[in-house]
Number of protein chains: 4
Amino acid sequence: MAEKKRERRDPEQRRAEILAAAFACFAERGFAATRMEDVAARAGIAKGTVYLHFPDKERLFIELVSGVASPILGEVGGMVQKETIPARTAVSMFYALFKREVLETERRHLLRLILAEGPMFPVVTEFYYREIITKGVAIVRVLLARAAARGELRNPAVVDVPQLVMAPALMSIIWTTLFEGYEHLDTQKLFDTFLDTLFVPEGGAI
Amino acid sequence: MAEKKRERRDPEQRRAEILAAAFACFAERGFAATRMEDVAARAGIAKGTVYLHFPDKERLFIELVSGVASPILGEVGGMVQKETIPARTAVSMFYALFKREVLETERRHLLRLILAEGPMFPVVTEFYYREIITKGVAIVRVLLARAAARGELRNPAVVDVPQLVMAPALMSIIWTTLFEGYEHLDTQKLFDTFLDTLFVPEGGAI
Amino acid sequence: MAEKKRERRDPEQRRAEILAAAFACFAERGFAATRMEDVAARAGIAKGTVYLHFPDKERLFIELVSGVASPILGEVGGMVQKETIPARTAVSMFYALFKREVLETERRHLLRLILAEGPMFPVVTEFYYREIITKGVAIVRVLLARAAARGELRNPAVVDVPQLVMAPALMSIIWTTLFEGYEHLDTQKLFDTFLDTLFVPEGGAI
Amino acid sequence: MAEKKRERRDPEQRRAEILAAAFACFAERGFAATRMEDVAARAGIAKGTVYLHFPDKERLFIELVSGVASPILGEVGGMVQKETIPARTAVSMFYALFKREVLETERRHLLRLILAEGPMFPVVTEFYYREIITKGVAIVRVLLARAAARGELRNPAVVDVPQLVMAPALMSIIWTTLFEGYEHLDTQKLFDTFLDTLFVPEGGAI
DNA sequence: AATGAATGAGGATTCATTCAT
DNA sequence: GATGAATGAATCCTCATTCAT
């Protein structure tokens, strides 16, 4: 039997541990199927301890889901700043960032969580729309507008549906989450192919 | 006092009613948060009656999720047959079918369900991969190969990642499911713009 | 082991059984210390069954406490009707009724319950004031006024504090509840002595 | 940041503070519904500190309830000494003392506590019977016997049920506790009226 | 076949108590 | 001594499932 150590710890750190454990659990089984005891066990603490940091399961979930995405946002924001780089490079960097920070991380389960629990947690959906989507779409729109102005787009109409740029990222997440076990999807190729489709070749056609 | 109606009914029809009710419930709240009583109530029958048709909640879910997608598949399959029509038209027809049969139907919640409950029901995921994805990808691949051969694609490399063609459809579902309440997405434009990006203009100028 | 029989039963009867069991439990240990399982066990049913009849513990308690007193009230009311009988006889009959229907019944624990849980259940207190106390006081006041008019009272001022008439009844309950085990209180004598103190002797000598 | 005050304090005083806080809490919500943390908070100390002074919740309760009543007892005892004063005066003084020291104090909740928790804490009930009731009844009996001998009582039989004298006090507490918010009871009048009923008028009729 | 009352395992939450700091 | 984070037993309540009618 492992010793129960009553390990006291810095509250901020403990909180973070719980959030990490909770994220793993929720991502694995969804909100309803996750037991608070699972979360506690995963965090290596007792059931009751979770409640010292979060008032109830719902709040734990909400704070969790709200907190996971925020950090990435900053980096993305910086991307639009540099006007000099070609739009394709910028979008490419975005995909790379997405791969590194989401797709190849536990965060890849985030979409599933939000999608799955959205109807039960409108607050979360609203948060994501307001904090992430809105900003993301805005950034992409600027990027595309700039690209269109420079003649970098094969089809300038894309500017009006910036969501299209996100579509391959969505696909990558969903495929990875659901079907990677059955058939591998080369996400890099997915992104690159889409970029090649979206933007005129660098060399500049005749 | 209202009479207790013990409406006896054709088993097959009853079964279908239960499945419909179950789909509505599961789509709305997910597997765990749906109570068998909800399903029964929605089907207008008593709790116990559900168990006369399905052995338990899990089986109800699995049979349900497996049954919803199948009907569409046939139509899609027919599409690849007609070699004469241009690939763009075929893909366009696919998007139209998708819109009509999925996006604008209750079936649009299917993705959410599969994504959400996937980890808990590998059988379902496996079923979808085997029955739907595999076939869908194969069809698209044929379509794209044919298009590439005819020079209809701006970027022939797309043939290697047929999933790209599905990406806008995914985006449309997810946006509709999550954010339509906050901001409208013109899915037709999304699809058309993507088509315009994917395929060379019809006029096929130099 | 007694067989678990899944005994189905008339809802009204079941409800009554639960209320009886609940009353016994609450009276014995108070609201907080009573477990719903205790109530169920005492009623000879399963935990969950209680919840088919009462939405939660609080409601069970409230409905219970509200329902216990009502039946007695009717009888008391009838008492004031007969103008012909002497007030002393009427009050004496009231004490007798009180003894028979409250003091020597499980209902004797009611005061304890109300007093104990009053602050936690203002609804209950309000109910008792409105439904029982108000009416009781009114009846006694009429009785005393009549008695005063007829010169039956040693001290007519009693009319202004009808609560005084209830005081011996309270004492009897409290003594019985708390100290009867240590020392017997002859409640009949308590009542009779009070009556002899309150009313002038019948013979009404000079 | 406010400094953590580790106010060390005279143990006896600390103990008293805890008892006071505990009394307030228990009186307000009863034993079960009072959390040790409430008590600690009310005493302005940390949860753990309570346990430095009392081994557990039960003991805290018992010591508390046992300690509250004792002080009054002395005064009451003195009352019987003075043989010279009329019994009515003595009883009147007792009511006055009761009003001042119990009814108009937080101690008025004591009865509720004892009554409510009696069945769970026989020790407490026994203590009250032994230490308070026995002595109180004895005193009243002596007073009444003396009064009877002097012809001060309208009904000498009262000597045999000295509890009758306590009844108005009980009524005053219970009414005050439960119904004062709905309807005021003039306790002074209640006591005075009872005294007028119990004792022959001072002037001494022919 | 259909019903819905009954069951009881399961999970969220609370809180008395302990103990490392 | 004092603190309050940590623990886990205890309890409310839900809901999948059963079964007598």
Side-chain angles (χ1 to χ4, degrees), chain A residues 4-11 14 32-40 43-58 60, chain B residues 4-11 14 32-41 44-58 60, chain C residues 4-11 14 32-40 43-58 60, chain D residues 4-11 14 32-41 44-58 60:
Chain A
K4 292 280 164 185
K5 283 205 224 159
R6 227 171 229 272
E7 247 185 295
R8 197 177 277 219
R9 186 160 312 203
D10 173 58
R14 189 39 64 86
T34 294
R35 288 158 31 206
M36 288 300 264
E37 192 160 6
D38 296 337
V39 175
I45 58 182
K47 246 180 314 173
T49 306
V50 180
Y51 288 89
L52 296 177
H53 299 267
F54 301 91
D56 57 29
K57 200 183 172 188
E58 284 209 4
L60 171 61
Chain B
K4 312 259 166 179
K5 312 186 208 168
R6 290 186 172 228
E7 258 187 287
R8 205 173 284 207
R9 179 165 312 207
D10 173 54
R14 186 41 66 85
T34 293
R35 292 160 8 186
M36 289 300 265
E37 191 158 8
D38 298 335
V39 175
I45 58 182
K47 238 182 319 175
T49 307
V50 179
Y51 286 88
L52 297 176
H53 298 265
F54 300 90
D56 59 27
K57 198 183 172 188
E58 284 210 3
L60 170 61
Chain C
K4 291 280 161 184
K5 283 203 223 163
R6 230 173 225 269
E7 245 185 297
R8 198 176 277 220
R9 182 160 314 200
D10 173 57
R14 187 40 61 87
T34 294
R35 289 158 29 206
M36 287 302 264
E37 193 159 6
D38 297 337
V39 174
I45 58 182
K47 245 181 316 172
T49 305
V50 179
Y51 288 90
L52 296 178
H53 298 267
F54 300 91
D56 58 26
K57 200 182 171 188
E58 284 208 4
L60 171 60
Chain D
K4 312 258 169 177
K5 310 186 208 165
R6 291 186 171 229
E7 256 187 285
R8 202 172 286 206
R9 182 166 308 207
D10 173 53
R14 187 42 65 85
T34 293
R35 292 160 10 188
M36 289 300 265
E37 192 159 7
D38 297 336
V39 174
I45 58 181
K47 237 183 319 175
T49 306
V50 178
Y51 286 87
L52 297 176
H53 298 267
F54 300 90
D56 59 29
K57 199 183 173 188
E58 285 210 3
L60 171 61

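Keep in mind it's a predicted model, so treat the numbers as computed, not measured. Every heavy atom of this structure was used, including side-chain atoms; hydrogens, water molecules and symmetry mates were not. To find a chain, count down the sequence lines: A is the first, B the second, and so on, and within it residues start at 1.
- Nearer to the 5' terminus of DNA chain E, by closest-nucleotide assignment, is the contact made by C:Asp10 (compared with the other of C:Asp10 and D:Glu58).
- Summary of the strand contacts: A:Gly48 and B:Ala32 both lie near DNA chain F, and taking for each the nucleotide with the nearest heavy atom, the more 5' one is attributed to A:Gly48.
- Nearest to the side chain of C:Lys57, among F:dC13, E:dT3, F:dA6, sits F:dC13.
- In this structure E:dA2 sits in a base pair with F:dT21, meeting the Watson-Crick or G-U test at under 3.5 Å.
- Here the P atom of nucleotide E:dC15 and the CG atom of D:Leu60 are 16 Å apart, to the nearest Å.
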TODO: Could you walk me through whether D:Arg14 and D:Thr49 pass side-chain contact (heavy atoms from CB on, under 4.5 Å), step by step?
DONE: CA-CA 10 Å; D:Arg14 187 42 65 85; D:Thr49 306; 4.0 Å; yes
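- Heavy atoms only, all atoms of each residue included: B:Asp56 and B:Tyr51 are closest at CA-CE2, 4.2 Å.
- For A:Arg35 against E:dG10, a side-chain-to-base donor-acceptor contact under 3.5 Å is absent.
- Nearest-nucleotide mapping onto DNA chain F: of A:Pro11 and B:Ala33, the residue sitting toward the 5' end is A:Pro11.
- For A:Arg14, a side-chain nitrogen or oxygen approaches OP1 or OP2 of F:dA6 to under 4.0 Å.
- The NZ atom of A:Lys47 sits 11.5 Å away from atom CG of A:Asp38, with the distance rounded to the nearest 0.5 Å.
- The B:Tyr51 side chain lies nearest to F:dT18 when the options are E:dT17, F:dA2, F:dT18.
- Residue B:Thr49 places at least one side-chain N or O under 4.0 Å from the OP1 or OP2 atom of E:dT3.
- Judged by atom type and distance alone, A:Lys47 does not reach the base of E:dG11 through any side-chain donor-acceptor pair under 3.5 Å.
- Across all non-hydrogen atoms, the minimal contact from C:Met36 to C:Lys57 is SD-CG, 3.5 Å.
- The listed nucleotides are E:dT13, E:dA2, F:dT7; the one nearest the side chain of A:Ile45 is F:dT7.
- For the pair B:Leu52 CG and F:dT17 C1', the computed distance is 12 Å after rounding to whole Å.
- Distances shown here put a side-chain N or O of C:His53 below 4.0 Å from the OP1 or OP2 atom of E:dA6.
- What you find for A:Ala32 and B:Ala32 is that their closest heavy atoms are CB-CB, 3.1 Å.
- Dashed line: the shortest gap from a side-chain N or O of C:Arg8 to OP1 or OP2 of E:dT3 is not under 4.0 Å.
- One can place CD of A:Glu37 at 9 Å from P of E:dA12, the figure rounded to the nearest angstrom.
- Straight-line distance from the CZ atom of C:Arg9 to the C1' atom of E:dG4: 17 Å, rounded to whole Å.
- The separation between A:Met36 atom CE and E:dA12 atom C1' is 8 Å, rounded to whole Å.
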